[in-house]
4 protein chains.
Amino acid sequence: MKGFAMLKIGHIGWIEKEKPKAGPYDAIVRPLAVAPCTSDIHTVFEGAIGERHNMILGHEAVGEVVEVGSEVRDFKPGDRVVVPAITPDWRTLDVQRGFHQHSGGMLNGWKFSNIKDGVFAEYFHVNDADMNLAHLPEEIPLEKAVMIPDMMTTGFHGVELAEIGLGDTVAVIGIGPVGLMAVAGARLRGAARIIAVGSRPALVEAAKYYGATDIVNYKHGDIVEQIMKLTGNKGVDAVIIAGAKTEALSQAVKMVKPGGTVANVNYFGEGEILPVGRLDWGCGMAHKFIKGGLCPGGRLRMEKLIDLVRYNRIDPGKMATHIFRGFDNIEKALLMMKEKQSDLIKPVVIVE
Amino acid sequence: MKGFAMLKIGHIGWIEKEKPKAGPYDAIVRPLAVAPCTSDIHTVFEGAIGERHNMILGHEAVGEVVEVGSEVRDFKPGDRVVVPAITPDWRTLDVQRGFHQHSGGMLNGWKFSNIKDGVFAEYFHVNDADMNLAHLPEEIPLEKAVMIPDMMTTGFHGVELAEIGLGDTVAVIGIGPVGLMAVAGARLRGAARIIAVGSRPALVEAAKYYGATDIVNYKHGDIVEQIMKLTGNKGVDAVIIAGAKTEALSQAVKMVKPGGTVANVNYFGEGEILPVGRLDWGCGMAHKFIKGGLCPGGRLRMEKLIDLVRYNRIDPGKMATHIFRGFDNIEKALLMMKEKQSDLIKPVVIVE
Amino acid sequence: MKGFAMLKIGHIGWIEKEKPKAGPYDAIVRPLAVAPCTSDIHTVFEGAIGERHNMILGHEAVGEVVEVGSEVRDFKPGDRVVVPAITPDWRTLDVQRGFHQHSGGMLNGWKFSNIKDGVFAEYFHVNDADMNLAHLPEEIPLEKAVMIPDMMTTGFHGVELAEIGLGDTVAVIGIGPVGLMAVAGARLRGAARIIAVGSRPALVEAAKYYGATDIVNYKHGDIVEQIMKLTGNKGVDAVIIAGAKTEALSQAVKMVKPGGTVANVNYFGEGEILPVGRLDWGCGMAHKFIKGGLCPGGRLRMEKLIDLVRYNRIDPGKMATHIFRGFDNIEKALLMMKEKQSDLIKPVVIVE
Amino acid sequence: MKGFAMLKIGHIGWIEKEKPKAGPYDAIVRPLAVAPCTSDIHTVFEGAIGERHNMILGHEAVGEVVEVGSEVRDFKPGDRVVVPAITPDWRTLDVQRGFHQHSGGMLNGWKFSNIKDGVFAEYFHVNDADMNLAHLPEEIPLEKAVMIPDMMTTGFHGVELAEIGLGDTVAVIGIGPVGLMAVAGARLRGAARIIAVGSRPALVEAAKYYGATDIVNYKHGDIVEQIMKLTGNKGVDAVIIAGAKTEALSQAVKMVKPGGTVANVNYFGEGEILPVGRLDWGCGMAHKFIKGGLCPGGRLRMEKLIDLVRYNRIDPGKMATHIFRGFDNIEKALLMMKEKQSDLIKPVVIVE
């Protein structure tokens, strides 16, 4: 079968591989729609997770089940499914501790295009289908559905980590698609004022659509100063970092109130250390909580997010600014994520 | 000064009282808008909190500060303010424990029309103004603002107690104004499916407006059976009881999943005991959590709710179905709450 | 093989059954030590969970692995193991929701002597060995170890549900072995004052050993009155119900402060409803939280409890007042739990 | 009156000041016992909180009330009291948000020897006596009681921030008196294995007394490596930083498991930034939570800690290695904290 792969750091291309086989609890799925992710770009062109050879890329997909193992109960060939970016092994002590994302080791719940071949293939393998897949309802179109596996769960996880309360004032740093979903998630959790930090007009417009009440443009000056000014020098109740450089952590700590939370869902790709300003952090005593985590995956999470789309609590489809039809467009779509032209939010490839 | 009072159980009427005086930390406020509450009806006509003589009624108000004590820092005569129904003494160990509603004893944070004269008066007294009042922004009209002191904070507290997660399925029992705010609050916290239990068409329509996806009419059969059927026999993640008879608690326990929460913000007015079904509660081992609490008051809470209105996260004004102008209409408005004609949600009296 | 069984409600006896077989993820274990539980008595003589025919009893055991399935990674024949009373299927959405005790349905994580044959047999079957068994360190003697699978995890879970804080005052209702572990658990979580409700001298002495500071004897008057008197009418921060009649729930609600928690780990065996006093519960608004849950099982939980014993944080062996040697003594030990002679806390049968 | 003061950075000495006066809610207290704190040393000799002129030092005291304001209800001259190091203004929105430590601004709950004169004086002023003082029971000797205002509340707060669960493995970095109380607190909250990082024999012995199961000596090599080795490369569930250099934060992040918490109660005195290792923090996605906070003060907290001492859950008096009698010994005791001779844990001055 054909797949679009990372050949080695800095090199991509189409390759041929054996069609994967399903173990007793697994499923084989063919993609109906896929989307490239900025982290694919990090992986290939920055070598952010180290070297890989001929690894098929992609971890955002909805698909059709084509084969299931003998022990799979709830899925059968022909079922349309949402496939989470995070598909852990659910039988570990890490899961019993409550952290499926780190099942089997830190970040190890992330398998596609990291530990195994990804979804940019004619077929891909899903471990533990009953625990990792979710049925896709008829009424959700593919370009919406494909935002669920990573963009929605990641942006929303930022909001969950931030422990936002009703009426809070929240800052979201970065308004790429994950940041937009953090904005939408903050609204969904009852934030009142949402200050989005970004610059590109298409993203700013989308941020407002998803619930931003204020926009801070980092090109117009220091973002901490701008946010302190907007809040009458009080700072914000929570900050979600959803796409940023190394300095974002110290900026966030600076702008959050004592007792507030900084929640990171950004993949920090550079530098040896992430700095926290000693005085801003109250010499260690400010009760400014710093959290960061990989997005939740698995079936239940996907079902919850599907319900949010189904009951019209959110329309993630607005982010699909560029929709391609045909498997072969995966390459073009991926490269768009690298170039990031001004009107791009997220490209989607409809394979069906 | 004039006030509309409970003369004794079963009797109401206009009375004359001395204008209240402000202690060093207090404020005297004249109402700009008030709303009667079902609990006023319970208090007067059912004697739900016991006998009271010539106690001025009412605990939902926005007003104008007319006098402040010497130690008040943040408010001055002329300021327009939201006055919470719950105005605790903030200097007690109960507050240090985290429960200002029970400052000085169970439910003792509730002072207006309970422990002291209420807001249906030409002037009323607010203890600890800096901690209990909140500034009302110009742009919020009075009929919206007056929903904040009790309806919003109470309905939303049900949602907070219920610990709703993103994408959850939630049942709300009772869709009077508190129930409607519980529906709205459930949407604000990211519930996906919201099943509202009610019957009166005006309320059903409002419930849909505020976010209900399904309506269960108790006149059409057992509500537990209806909800189990709607959820494919899985039950709901959480139940909020916002207006109900004694049996609601056992119904709620029955329809909630193991691991789910039943959150009550209803004032149970009758019966010696509230029953929990032993088997439905897993013989005591089902992890079905049962909570119930008086709404939060105080300044910070009001400010957060004001922000939700100001940033258009909710429009509580849709509930103000009957708006009267003139102080003297308080009596008529209160009696409407007793009669509850078919198109009534909430009457408001604009005093200004 | 031989097993000691419930023949039908009210009847017990030795039976012969086929030795169980291990599926690919399972283990077959022979007991080294077992203990009978009051719930075995409820099951057989009160029919508390309904009729069962020729079901082998017992769910408290440590044992030796004699066979493992092909997919078991971490255990092999000869390993000495702690076997939790609760051995869920870990691959369900209930587990993803965080409630393994109710995996596959309310209370369904409890399999031994409920859904399948128990541990009072020459051999017994353990599903998902890697997720449900824990290695027993050499240095922990069997009579201590056998308190871990149910007594420790159940009593401690009461404490966890009660959300005890450092320095709290806690009441524990019932001081059978689960109640004693609730007392010990309350001390382990940092309660200051622990008021134990019981009567039998052997239990009272043990309660003091495990950390009770005050004893309330229900034979000396109403326990609520006694506890209110002891606490200067303030009530307690939390109540753990660990063995009690139907009325315990309303007693607990009465004696707990607003903002406090009532945590039940008792198996309520009788009555259609459990009553909550309406006024004591603040007409639904007192913030008196009511919780109840089946004990956690699984491997991680057992490992944590083993560590508490290994590092001498607790000695559960003090409860093993009657130690028998030889498999055939299971019948005698079980009947002791029925008779409950005055010096009994817990009988243990060393099989080895 | 006489007081021992910071004259300016680097200089200390006895000064004369006016006896303070009580406002209506305040009390004037004379010390019965005081203890110097390492932070006094930081303040004076490192200028850690900036310049101060003729500010009386000290924030750890028990005393006798000599005067109360007109509005004080629960204390009267002659009462023996525990005085918390943190004595906030309880009437602020920060308190309503749940963070009294930051009432009125970051760290502003800390008044003694920071914002106002401290307790090393013949008399000192306590704001809001009813909310900040606690009665000292007869049976607790002064040298124990004086560990409550700062050492116990700070060490225990580390444990609270760390969210330790029953049976957890915990590392405590730094075993000065705060670290020792973190060790004791970890045991009080049910940690199983407690790995204490320190070196000085007197402290190591005390750490074992308070519950440490393993000692890691930083002089014997990298502490992260040592702890990873001790835990079979699994890392620990939580780390409490209770006295350390800048690098402690990154060491802690490195040794904690994904899903675990790093809790800081150390006063970081140097450097512009505190570094977090990017890869150790999972590039921002490891769910390694970083917290740090000033100790809780106020009356309720003191009462809880007093109860822990009264009910023999802990004996903080073991830390009082050097007990002086007489007010004039304050200077000597303070200088001991600077020199830190090998057998010193904490000096106490009994003034009575």
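All chains are named by letter (A, B, ...) in the order of the sequence lines, taking the proteins before the strands, and each is independently numbered beginning at 1.
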Interface residue of largest heavy-atom contact number with chain A, from B:Gly211, B:Gly167, B:Gly190, B:Ala191, under 4.5 Å: B:Gly167
Residue-level contacts of residues 229-243 of chain A with chain B, using a heavy-atom cutoff under 4.5 Å: A:Asp237
Heavy-atom pair of closest approach, residues A:Ala192 and B:Asp307: CB-CB, 3.5 Å
Minimum-distance pair of heavy atoms, taken over all atoms of A:Ile164 and B:Arg189: O-NH1, 2.8 Å
Engaged part of A:Ile194 at the chain B interface, taking heavy atoms whose separation is under 4.5 Å: both
Those residues of residues 129-154 of chain B, ordered by number, that approach chain A below 4.5 Å (heavy atom to heavy atom): none
Nearest heavy-atom neighbours spanning A:Arg313 and B:Thr213: NH2-CG2, 3.6 Å
For chain B, the option from A:Arg301, A:Arg187, A:Lys304 that forms the most heavy-atom pairs under 4.5 Å: A:Lys304
Side chain, backbone, both or neither of A:Leu166 within contact of chain B (heavy atoms, under 4.5 Å): both
Which portion of A:Glu160 sits near chain B, non-hydrogen atoms under 4.5 angstrom: side chain
Interface moiety of B:Ile306 toward chain A, non-hydrogen atoms closer than 4.5 Å: neither
